[in-house]
Structure formats: C-alpha cells, structure tokens
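Worksheet: one structure, shown below.
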Amino acid sequence: MLGYIKENDRLQSIFLEVMDDPSKKELILYLLCYVQLVRKIGQPSMELGQFLMYTNKSFTSARNSWKDILVELNTFVISDLLGNVYTGKDIYKVEDTGLYFIRIEDSYHRDINSLSSKVIRYWGIVSKISSYGKRINVYDAVRSSCLMFNERLYDELEAYCALQRDRFSKEARFFDVLNLLSSAIRLQGRDKKEAIVKLDRCLKNMATLGDIYYSVNIHKLRKDVEGNLKRLQKSKSMEDLKIEFVIRGKNREPLLKRLLKSVKALLGKLRGNKRWTLMNSETKMVVNVQRLF
C-alpha cells in the first residue's frame, strides 16, 4: 500500500492504511478525538490524561494500547514538565503516572480548521466500513472509492484507485472512470480543454459498465457527466457531482412472503383453484419454508 502513498503526507497515509485494513479504525478515531478537544479547549496542547480519558469514552471496546496507537500514528508529540519530548517509538518511554502534555505536530495544528475538516471527512467514510477480520473485496473497494469521490478527497482517491486497479484488474475500467472524473474536476479551472478530454474518455469507459455497477447508479452518473461535458464546452463551470447508490429490490416484498404466496398459488391450482383454508397445513408450510433459511 505504501507505494501508492505520497510519503510527505502522513495524514493521507494513515487514512489509506485504515481503508485497506479497517481493523485500524482507532487511528482515525484518535485524530477525531484530538480535533474535537482542540475546538473545545481552544488550544493545540492538552494534558495527556485528559486526551486519553476522552478517547476511552469513544471506544466500545479497547483493542489496542494507547501507546501502540500513538506510535503507529506518528503524528503526536508528548512532553513533560522537565522539557523532555517524546515522539515516535520514544512514546513507549512515557510513564503511566505523571503529568504529560500532548499535541499534534506543528505542521498540522498551524491550520486546525483544515485538519478538522479532513479528519471529519475521513471518519465519515471509515465509520461506514464494516470489514473487520476479512479481506477487502471488490464491492468494498468500489463503494469506498465512491465515498472518497463524494467527499472530494481526490488525492486520496487517486492513490486508492491505483491500488485497487492492480488488485482487481478486471474492474480497472471503473477505477479509471473515477480517476478521469476527479482529474477533470481539478483541471476545469486552469485547463478546460484538457478537462473536456478527460470527461470524454470517462464517458467512453462508462459505456461498458451498464446502468448499475456494484450498486453504483452508473445511469445517473453518465447523465450527470454528459451534462457537465456540455457545460465545459460552453465555457461554463462544472456542477457538483455526487455518486449515488442503488439498493436492488428496495420495494419488493420479503423473500419468505413471496415464497409463501407462490406455494399457496401452486396448491390452489392443484386443488382446482379453491381457496386454501387449512390453517394447520399453512402453518406447517411456514415452518418448512423457514427451515430453508
């Protein structure tokens, strides 16, 4: 995964690592707790005990030591009253008792609003992932990449799609579509001609994906892209694009109910289309059908 990440952006690296291994959600949650506390107390530095108490309230169950999490994050600095500073693996040297202070690295707290916005968007995506203990499948990859697109995390999306394109080579065309689309959005302000080329290529790739692709509403997305292509051709700015998902069979009756209706209809035909009124027999049918599930 690291080969697809810009090494100079640790925050992006953390997010993409969590997307590839959702069991590490605590990493993003620790960052979320930090930015929330900064907004609450109005400064980037706080007592370590206060921070850990806040994070503990946010976990339903503790899976990792706080030191393990902070070391893996590698974005925080801990200090004591004597002026000693602990970063990286030195955090393991911090004693469980004593007065310590924690803050995020200077490069991040210079623009706390930008940091907060990004972390909140990260958590909004990560919190929707429920693939603990299992490998990421193509459905997860498609859905996650769409969520990144909708949150305008284009740099992260580019790196993520590069990984998934190699991992699921048969689905490469879809990840190319997202990359072309995000590239066109970023180019429209400085090079409309190139943005038009990107959207045109995007539409050609979408032509082979059908109307619904792993629950993604490709039909609507195609129409939206066509509309934005026309806008660019008229020297207008693109309208906001959001990828929508389709839930198949949303308005259909439950499977068990449909099975019972089919069985009752068949029995009615066998009895000369007479109404089936034997409650004991119907109850027995329900039990037998339920055993199938």
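Computed from a predicted structure; not experimentally measured.
We find the CD-OG distance between Gln188 and Ser183 to be 11.0 Å, quoted to the nearest 0.5 Å. The CD atom of Glu158 sits 12.0 Å away from the CG atom of Leu178 when rounded to the nearest 0.5 Å. Gln233 CD to Leu199 CG: the interatomic distance, rounded to the nearest 0.5 Å, is 9.0 Å. Atoms CG and NE2, on Leu209 and His219 in that order, are 14.0 Å from each other to the nearest 0.5 Å. If you take CD1 on Ile102 and CG on Leu48, they are separated by 5.5 Å, rounding to the nearest 0.5 Å. Taking CG of Leu37 as the start and OH of Tyr54 as the end, the distance is 5.5 Å to the nearest 0.5 Å.
Side chains of Ser215 and Tyr139 form a contact here, defined as non-hydrogen atoms less than 4.5 Å apart. For the pair Ile78 and Thr87, the minimum side-chain heavy-atom distance is 4.5 Å or more. Tyr100 is listed as a side-chain neighbour of Glu95, based on a closest heavy-atom distance under 4.5 Å. Residues Val216 and Ile243 are in side-chain contact: their nearest non-hydrogen atoms beyond the backbone lie under 4.5 Å apart. Between Phe168 and Phe174, the closest side-chain pair of non-hydrogen atoms is not below 4.5 Å. Residues Phe245 and Leu147 have side chains in contact (heavy-atom distance under 4.5 Å, counting atoms from C-beta outward). Within the 4.5 Å cutoff, the side chain of Leu221 has heavy atoms near those of the Leu181 side chain. Looking only at side-chain heavy atoms (C-beta outward), Val94 and Asp80 stay at 4.5 Å or farther from each other.
The closest donor-acceptor contact from the side chain of Arg10 to the backbone of Leu73 lies under 3.5 Å. Distance alone, capped at 3.5 Å, places no donor-acceptor pair between the Ser144 side chain and the Ala141 backbone. Between the side chain of Lys198 and the backbone N or O of Leu180 there is no donor-acceptor pair closer than 3.5 Å. Of the possible donor and acceptor atoms, one in the side chain of Ser145 sits under 3.5 Å from a partner among the backbone N and O of Val142. At least one donor-acceptor pair closer than 3.5 Å links the side chain of Ser116 to the backbone N or O of Ile112. Within the 3.5 Å criterion, the main-chain N or O of Met238 finds no donor-acceptor partner in the side chain of Arg231. The backbone N or O of Ala195 lies less than 3.5 Å from no partner atom in the side chain of Arg186, so there is not a single donor-acceptor pair. In terms of modelled atom types and a separation under 3.5 Å, the side chain of Glu151 and the main chain of Tyr122 share no donor-acceptor contact. Looking only at distances, a side-chain donor or acceptor of Asn228 sits under 3.5 Å from a matching main-chain atom of Asp224. Here the side chain of Ser127 pairs a donor or acceptor atom with the backbone of Gly124 at under 3.5 angstrom.
Residue pairs meeting the ring pair (Phe, Tyr, Trp, His ring centres under 6.0 Å) criterion with at least one member in residues 75-96, sequence neighbours excluded, are Tyr34-Phe76, Phe51-Phe76.
In terms of heavy-atom proximity, Val126 sits nearest to Val18 at CG1-CG1, 3.8 Å. The two atoms that bring Gly88 and Val71 nearest to each other are O-CG2, 3.4 Å, heavy atoms only. Across all non-hydrogen atoms, the minimal contact from Arg167 to Asp20 is NH1-OD1, 2.9 Å. Among all heavy-atom pairs drawn from Leu11 and Tyr108, the shortest one is N-OH, 3.3 Å. In this structure, Gln164 and Phe175 approach most closely via the heavy-atom pair CB-CZ, 3.6 Å. Between Ile185 and Leu241 the shortest heavy-atom distance is CD1-CD1, 4.5 Å.
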### Task
Could you please spell out the steps behind the side chain to side chain contact (heavy atoms under 4.5 Å, CB included) verdict for Asn113 and Arg39?
CA-CA 9 Å; Asn113 290 327; Arg39 287 185 174 278; 3.3 Å; yes

### Message
Working note: Ile120 + Leu32, criterion side chain to side chain contact (heavy atoms under 4.5 Å, CB included); need CA distance, chi angles, decisive distance, verdict.
### Response
CA-CA 7 Å; Ile120 289 170; Leu32 181 66; 4.0 Å; yes

### Query
Asp211 and Lys220: salt bridge (charged side-chain N to carboxylate O under 4.0 Å, His left out), yes or no, with the steps?
CA-CA 8 Å; Asp211 287 339; Lys220 183 179 184 304; over 6 Å; no

### Task
Report the C-alpha separation of Lys128 and Asp140 in whole Å, then their side-chain angles, then the decisive distance to 0.1 Å, and conclude whether the salt bridge (charged side-chain N to carboxylate O under 4.0 Å, His left out) test is met.
CA-CA 10 Å; Lys128 294 174 183 176; Asp140 297 326; over 6 Å; no

### Verdict with reasoning, Met148 to Met19, per side chain to side chain contact (heavy atoms under 4.5 Å, CB included)
CA-CA 10 Å; Met148 286 185 213; Met19 292 300 294; 3.7 Å; yes

#### Entry: Verdict with reasoning, Thr75 to Leu31, per side chain to side chain contact (heavy atoms under 4.5 Å, CB included)
CA-CA 9 Å; Thr75 55; Leu31 290 168; 4.0 Å; yes

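Using a 4.0 Å cut-off between a side-chain N of Lys or Arg and a carboxylate O of Asp or Glu, Asp90 and Lys93 qualify as a salt bridge. In summary, Asp176 and Arg201 do not engage in a salt bridge, as defined by a charged side-chain N under 4.0 Å from a carboxylate O.
For the pair Arg143 and Tyr214, the cation does not sit on the ring face, since its NZ or CZ is not both under 6.0 Å from the ring centre and inside 45° of the axis.
Hydrophobic cluster membership differs between Phe101 and Ile69, with clusters built from Ile, Leu, Val, Met, Phe, Trp and Tyr side chains linked at under 4.5 angstrom. In the hydrophobic clustering of ILVMFWY residues, with side-chain heavy atoms under 4.5 Å counting as a link, Leu187 and Val197 come out apart. In terms of hydrophobic clustering, with Ile, Leu, Val, Met, Phe, Trp and Tyr side chains grouped at heavy-atom distances under 4.5 Å, Val77 and Trp66 are assigned to different clusters.
For the side chain to side chain contact (heavy atoms under 4.5 Å, CB included) test with Tyr30, the passing option among Ile14, Leu70, Val119 is Leu70; the others fail.
Residue Arg121 qualifies as enclosed at atom CZ: its count of foreign heavy atoms under 6.0 Å is above 12. When the shell of 6.0 Å around NZ of Lys170 is examined, it contains 12 or fewer heavy atoms from other residues, nucleotides or ligands.
For the 3.5 Å distance criterion, the side chains of Glu171 and Tyr213 qualify, holding a donor opposite an acceptor.
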